[in-house]
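Working notes, beginning with the structure itself.
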Amino acid sequence: RVTIEAMLSELFVIGADAAGTSELISDNLTGLLYKPGDTKMLADKIIDLVKNRDRMREISLEGQRYAVNTFTVGNCSKGMEKIFTDIISR
């Protein structure tokens with residue numbers, strides 16, 4: 001949820017390439033992913049961002065567009081409806 005809120009706020013996101021986070025972030029498109037535990041990779045990605053503020057801004061904007069278009073009330077309602085329908089049909 002924090003990742004989605006950050007994206008909606010047009011903040012840059014970077015996260016470990018693990019379940020959950022990697023489902024929300026498209027590496028180098030809507031944010032950056034790094035291998036869990038690989039602190040050198042994380043540091044390198046942060047340094048690259050500091051050196052390329054324009055790229056960081058582009059990724060932040062794309063992340064916001066993704067979040068706004070994906071996490072609408074309608075989409076979330078449909079997802080919840082599917083969960084409840086699946087539970088009831090068991």
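Only a predicted model underlies this, so the values are computations on that prediction, with no experimental measurement involved.
For Arg53, there are no salt bridge (charged side-chain N to carboxylate O under 4.0 Å, His left out) partners two or more places apart in sequence or in a different chain. Looking at residues two or more places apart in sequence or on another chain, you find a side chain to side chain contact (heavy atoms under 4.5 Å, CB included) between Leu42 and Ile14, Tyr34, Ile46. For Lys82, the salt bridge (charged side-chain N to carboxylate O under 4.0 Å, His left out) partners are Asp86, not counting sequence neighbours. Evaluation of the side chain to side chain contact (heavy atoms under 4.5 Å, CB included) rule for Ile88 yields no partner, not counting sequence neighbours. Annotation: side chain to side chain contact (heavy atoms under 4.5 Å, CB included) contacts of Asn28 (sequence neighbours excluded): Leu32, Arg55. Scored by the salt bridge (charged side-chain N to carboxylate O under 4.0 Å, His left out) test, Asp44 finds Lys40 as partners (sequence neighbours excluded). Looking at residues two or more places apart in sequence or on another chain, you find a side chain to side chain contact (heavy atoms under 4.5 Å, CB included) between Leu11 and Ala6, Ser9.
Sorted pairs that involve residues 13-26 and meet side-chain hydrogen bond (donor to acceptor under 3.5 Å, both in side chains), not counting sequence neighbours, are lacking altogether. Residue pairs satisfying the salt bridge (charged side-chain N to carboxylate O under 4.0 Å, His left out) criterion with at least one member in residues 59-68, sequence neighbours excluded, are listed as follows: Glu62-Arg65.
Across every non-hydrogen atom of Tyr66 and Leu24, the tightest pair is CE2-O, 3.4 Å.
Note on Leu61 and Ile59: separate hydrophobic clusters, where clusters join Ile, Leu, Val, Met, Phe, Trp and Tyr whose side-chain heavy atoms are under 4.5 Å apart, directly or indirectly. Under a hydrophobic-cluster definition in which Ile, Leu, Val, Met, Phe, Trp and Tyr are linked whenever side-chain heavy atoms come within less than 4.5 Å, directly or via other members, Ile25 and Met41 are assigned to different clusters.
Between Asp27 and Lys45 a salt bridge is recorded (basic side-chain N to carboxylate O distance below 4.0 Å).
Gln64 contributes no side-chain N or O that, together with a main-chain N or O of Met7, makes up a donor-acceptor pair within less than 3.5 Å.
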Exercise for the section: Apply side chain to side chain contact (heavy atoms under 4.5 Å, CB included) to Phe71 and Leu8, showing your working. Expected result: CA-CA 9 Å; Phe71 301 103; Leu8 288 169; 5.5 Å; no
